[in-house]
Protein chains: 2
Amino acid sequence: MPPTFDAHISIIRPMINTDTLLAWGASHKKVSESEIIFSEGQAPHFYFQLDSGSVRWVNINDEGKEFIQYLICPGESFGEMAVFDDMPHSASAIANEDSVVLRLAKSTFFQLLEEEPEIHFAFSRLLSQRLRFKFLLLKELAYADSEHRITTLLEYFKQSRKNICEKSNKVMLTRQQIAKMTGLRVETVIRSIRHLSDKGLVHINHGKVYC
Amino acid sequence: MPPTFDAHISIIRPMINTDTLLAWGASHKKVSESEIIFSEGQAPHFYFQLDSGSVRWVNINDEGKEFIQYLICPGESFGEMAVFDDMPHSASAIANEDSVVLRLAKSTFFQLLEEEPEIHFAFSRLLSQRLRFKFLLLKELAYADSEHRITTLLEYFKQSRKNICEKSNKVMLTRQQIAKMTGLRVETVIRSIRHLSDKGLVHINHGKVYC
DNA sequence: GGAATTCTATGACATAGATCACAAAAACTC
DNA sequence: GAGTTTTTGTGATCTATGTCATAGAATTCC
């Protein structure tokens with residue numbers, strides 16, 4: 001997959017400072033495009049944080065169709081949900097491009113949180129923000145039409161990036177990615193985006209949806 | 001609304017022990033049926049925990065249609081999402097029946113978490129479990145048909161009650177409630193439930209869906 | 001620079017589920 | 001226990017979105 005999810009982050013605010021993570025014994029791990037970092041159903045052994053590149057956190061159904069739960073950009077953590085509730089991963093993490101991941105053993109992660117309550121509070125905030133986004137998207141999926149679903153998703157992207165980088169960075173999404181995040185089909189997304197862009201509600205840049 | 005969401009809990013495991021909460025200065029608050037505890041859009045000032053009764057955590061759209069994000073039963077917390085990320089409540093909490101709520105000031109709640117790391121970890125676990133349920137439901141809403149959405153929801157109810165009470169308690173859901181939690185219309189839920197019950201995939205008790 | 005992928009695009013058609021319009025049954029109210 | 005409200009139930013339509021087929025444009029890859 002091409003790096004259309006352009007994570008050109010200016011000043012990243014990682015969940016846990018990289019040096020801190022390394023001091024606690026985290027290890028760097030290079031992953032190449034399409035490589036699976038962990039799979040749905042696996043028991044969680046590590047806390048993961050993206051150092052560089054981009055990762056998608058997805059469910060894949062019986063027919064092989066992907067539903068993207070989150071696109072992870074540098075500084076963000078992923079898979080911590082399963083670490084906290086000690087249940088199998090409920091989605092797989094797959095590298096969108098060649099990336100570098102920081103990995104910390106689960107037990108060490110808990111020790112770190114215990115010693116650094118501020119970091120623990122940062123995770124409570126992160127989980128709450130993610131939950132908030134799910135509330136929003138679920139409500140849209142339940143009651144809104146395709147155009148509303150898309151604009152809600154784009155709005156989220158505009159907002160969420162503010163949490164992890166100082167300067168607003170540009171995110172470009174392909175219509176295929178939007179389809180995989182809203183549960184709509186590519187054709188529907190294409191037609192809806194065309195309509196939204198005619199109305200000036202969505203901005204297109206070199207053919208890609210810009211937010 | 002009649003107490004169809006029968007929270008006949010045998011042995012409740014509250015998020016925070018009631019005595020502990022009271023010792024920290026929490027106050028009891030009686031709310032009557034249909035009373036709004038907090039509204040979508042309001043700033044969060046309190047941590048809430050249900051003592052007795054039942055509460056629904058809902059979004060209401062422009063046409064007045066409800067989407068139930070969670071049904072809260074005794075011992076469970078609600079609204080803590082907004083407390084953690086310090087953003088307006090993203091859904092309203094409404095009493096399903098006459099209930100008693102425990103309320104603790106936000107700043108005190110944070111002090112409590114700082115002094116009692118185990119309780120903080122319990123909240124990380126709770127947020128993760130709730131997020132996990134949203135992952136699941138979102139995937140279903142995106143790709144599955146009405147019958148799958150319903151069975152996924154019922155399955156969740158079966159599971160989630162285990163987290164807060166020792167003995168498995170019976171939950172009865174009306175078709176209207178299922179509609180409001182899956183984004184389907186009542187008529188569709190009625191027809192799907194009939195079909196599922198014909199196939200023996202769902203159990204009906206005195207006309208209500210049992211799980 | 002040509003081949004192979006991946007994306008975008010568009011038309012024709014099918015269909016699950018929404019909507020509307022009733023009505024009966026059940027539950028709750030006083 | 002008569003009246004009100006809520007819930008369940010069922011048929012007849014309507015429509016947004018999925019599905020399928022096909023193709024051109026844009027990228028990536030040797």
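For the numbers below, each heavy atom of this structure counts, side chains included, while hydrogens, waters and symmetry mates do not. This is a predicted model, so every value here is computed, not measured. Each chain gets a letter, A, B and so on, in the order the sequences are listed, and its residues count up from 1.
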Lys180(A) vs dC7(C): side-chain N/O to OP1/OP2 distance below 4.0 Å: no

Side-chain N or O of Arg175(A) closer than 4.0 Å to phosphate OP1/OP2 of dC7(C): no

Rounded to whole angstroms, how far apart are [atom1] on [X] and [atom2] on [N]?
X         : N       : atom1 : atom2 : result
Asn96(A)  : dT27(D) : CG    : C1'   : 16 Å
Glu147(B) : dT15(C) : CD    : P     : 17 Å
Gln176(B) : dT6(D)  : CD    : P     : 10 Å
Tyr143(B) : dT19(D) : OH    : C1'   : 14 Å
Gln177(A) : dT6(C)  : CD    : P     : 14 Å
Glu66(B)  : dT7(D)  : CD    : C1'   : 15 Å
Glu140(A) : dA16(D) : CD    : P     : 17 Å
Ile178(A) : dC7(C)  : CD1   : C1'   : 13 Å

Minimal non-hydrogen separation, Pro44(B) against Pro88(B), with atom names: CD-CA, 4.5 Å

Least distance between heavy atoms, Ala95(B) atom then Ser32(B) atom: CB-O, 3.6 Å

Terminal helix-axis angle for the helix from dG1(C)-dC30(D) to dC30(C)-dG1(D), with five pairs defining each axis and rounding to 10 degrees: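 What I find for the helix from dG1(C)-dC30(D) to dC30(C)-dG1(D) is an axis angle of 70°.
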
Strand-adjacent residues in residues 181-195 of chain B, judged by heavy atoms under 4.0 Å from DNA chain D: Glu187(B), Ile190(B), Arg191(B), Arg194(B)

Counting the benzene-type ring for Trp, do [X] and [Y] have ring centres under 6.0 Å apart?
X         : Y         : answer
Phe84(A)  : Phe109(A) : yes
Phe46(B)  : Phe38(B)  : no
Phe135(B) : Trp57(A)  : yes

Heavy atoms of other groups near Arg125(A) CZ, more than 12 under 6.0 Å: no

Exam field: side chain Lys134(B) to backbone Gln69(B), donor-acceptor pair closer than 3.5 Å: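 Side chain of Lys134(B) to backbone of Gln69(B), a donor-acceptor pair under 3.5 Å: yes, one is there.
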
Nucleotide of dA27(C), dG17(C), dT19(C) approaching Lys208(B) most closely (side-chain heavy atoms): dA27(C)

Pair Asp198(B), His195(B): side-chain N/O donor-acceptor within cut-off below 3.5 Å: no

Spatial distance of atom OG (Ser52(A)) from atom NZ (Lys30(A)) [nearest 0.5 Å]: 9.0 Å

